[in-house]
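Order of listing sets the numbers, starting from 1, for every ligand and every atom in it.
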Amino acid sequence: MKVLVTGGLGYIGSHTCVELSKKYSVVIADNLINSKIEVLERLNSIAHSRVIFEKIDLRNKKEVAFLFEKHGDITGIIHFAALKAVGESVEKPLLYYENNINSLLNILEQVQQLNSEINFIFSSSCTVYGEPLNLPITEEEPIKKAYSPYGETKQICENIISSSSKLNMNLKSISLRYFNPIGAHESAAIGELPLGKPQNLIPYITQTVAGLREELTIFGNDYNTPDGTCIRDYIHVTDLANAHIKAFEYLIEKEFSTNEVFNIGTGKGTSVMEIIKSFQDCTGKKVNYKIGKRREGDVDATFAENNKALDTLSWSPKYSLEQALKSAWNWEKNYRKLNNE
Ligand code: NAD
Ligand code: UDP
């Protein structure tokens with residue numbers, strides 16, 4: 001079975017391709033707007049079967065039509081491709097709406113023309129919940145006004161997929177609402193590779209320890225949490241990758257068209273201070289940090305109620321926080337060719 005992975009050279013996509021390649025033949029479509037071509041070679045060095053790469057800009061209808069003409073025999077699509085920087089989306093909302101929504105529309109237009117069943121998985125985010133009313137967050141948590149154009153694109157895309165699934169009997173779909181993916185493949189051949197200054201906590205920590213950044217700024221320690229720093233649900237990227245495989249297999253088994261959503265998190269909340277402490281404990285490396293101002297749009301705490309995924313998809317996270325943090329550091333060291341164990 002052939003699976004199309006959009007955004008497959010990105011962070012989560014590349015890890016998912018490795019897991020997919022154990023059973024499926026994989027075609028990646030990516031325009032490298034937020035990834036490097038070197039990831040393809042790294043990925044193929046650990047993939048179980050060679051993945052095919054098509055350099056395609058999904059905003060371009062003609063390129064997407066070409067992609068489907070060439071690979072019309074796909075049975076599934078995992079749609080990772082999107083721009084994802086919350087802050088940038090506030091500064092460049094049109095870019096985000098155009099990229100994230102048009103890419104999806106172009107794909108679904110092609111799916112509509114196929115006469116075969118398509119199992120479709122969409123990368124959504126816990127950001128669709130906004131400031132949660134209840135913790136842990138279940139899938140029943142009401143969807144509130146998004147904090148950023150990025151978050152809004154995730155809400156809109158979920159709605160587009162849901163409407164399409166109602167009309168297209170060949171389309172079976174799942175939106176996975178990720179919490180905070182971290183860590184890297186155990187081989188350290190692939191990992192999180194932000195272009196420019198990292199926006200996320202873990203790559204900022206590893207780059208600081210690697211000497212690329214002077215110090216980490218903790219964005220606020222006056223939140224309503226036990227130590228005052230924000231709480232998030234950090235999940236190992238390989239566990240997240242495997243959630244896609246389980247979701248895909250679940251869809252294949254489904255007889256009829258469906259559209260479902262699942263939280264993908266560990267169910268455990270960890271504060272920024274606790275992350276720093278765990279990182280120091282499990283790597284033996286000191287993290288230079290200072291306390292700074294709050295970052296706009298951050299909420300006190302988010303963590304998942306993941307029972308729906310556990311029960312329905314027979315998925316469960318396997319890696320501990322320490323294993324995830326260690327793998328992130330191993331990747332950084334390997335990538336920067338550091339030997340300072
Ligand atoms: P990433 O930026 O590393 O990967 C996305 C990939 O999509 C990149 O390789 C980029 O080049 C490609 N891409 C973007 N626009 C494209 C276009 N128009 N045509 C072709 N390729 C395009 O991001 P990631 O962290 O791997 O995230 C993957 C998905 O998961 C995204 O949809 C993101 O919004 C979602 N998500 C990520 C997180 C997170 O913390 N990383 C959390 C929740 C949801
Ligand atoms: N954070 C921080 N300093 C940084 C980056 C992130 O203190 O340089 C905090 C951020 O305020 C949040 C947590 O780390 O509380 C996780 O942030 P990240 O951007 O990784 O993920 P988010 O939860 O925003 O998707």
[X] and ligand 1 - part of the residue with a heavy-atom distance under 4.0 Å:
| X | answer |
| --- | --- |
| Lys154 | side chain |
| Ser103 | side chain |
| Leu32 | backbone |
| Ser124 | backbone |

If you measure every N or O of Leu201 against every N or O of ligand 2, does any of those distances drop under 3.5 Å? yes
Proximity flag Arg177 to ligand 1, non-hydrogen atoms under 4.0 Å: no
Which bit of [X] gets closer than 4.0 Å to ligand 2, counting heavy atoms only: side chain, backbone, both or neither?
| X | result |
| --- | --- |
| Tyr234 | side chain |
| Asn200 | both |
| Asn180 | side chain |
| Thr217 | backbone |

Please list, one pair per line, the donor and acceptor atoms closer than 3.5 Å that link side chains of residues 125-137 to other protein atoms, with sequence neighbours excluded.
from: Ser125; atom 1: OG; to: Thr127; atom 2: N; distance (Å): 2.9
from: Tyr129; atom 1: OH; to: Arg177; atom 2: NH1; distance (Å): 3.0
from: Tyr129; atom 1: OH; to: Asn263; atom 2: OD1; distance (Å): 2.6

Out of all atoms in ligand 2, which are within 4.0 Å of some heavy atom of Leu216? Include the element for each. 3 (N), 4 (C), 8 (O)
Out of all atoms in ligand 2, which are within 4.0 Å of some heavy atom of Gln199? Include the element for each. 5 (C), 19 (O)
Ring pair (Phe, Tyr, Trp, His ring centres under 6.0 Å) partners for Tyr178, two or more places apart: His244
Need the ligand 1 atom indices (1-based, order shown) with element for anything under 4.0 Å from a heavy-atom of Ile33. 10 (C), 11 (O), 13 (N), 14 (C), 15 (N)
For [atom], what is the closest protein heavy atom, and at what distance to 0.1 Å?
| atom | result |
| --- | --- |
| atom 16 (C) of ligand 1 | Asn31 OD1, 3.4 Å |
| atom 24 (P) of ligand 1 | Lys84 NZ, 3.8 Å |
| atom 18 (N) of ligand 1 | Asn99 OD1, 2.8 Å |
| atom 8 (C) of ligand 1 | Asp30 OD2, 3.5 Å |

I'd like the name of whichever of Phe179, Phe80, Tyr178 reaches closest to atom 30 (O) of ligand 1 through any heavy atom. Tyr178
Looking only at non-hydrogen atoms, the one of Leu104, Ile12, Leu58 nearest atom 27 (O) of ligand 1 is Ile12
Considering both backbone and side-chain atoms of Asp57, is one of its nitrogen or oxygen atoms within less than 3.5 Å of a nitrogen or oxygen in ligand 1? yes
Polar contact flag for Ser35 and ligand 1 (N/O pairs, less than 3.5 Å): yes
Would Phe179 count as a contact of ligand 2 if the rule is a heavy atom under 4.0 Å away? no
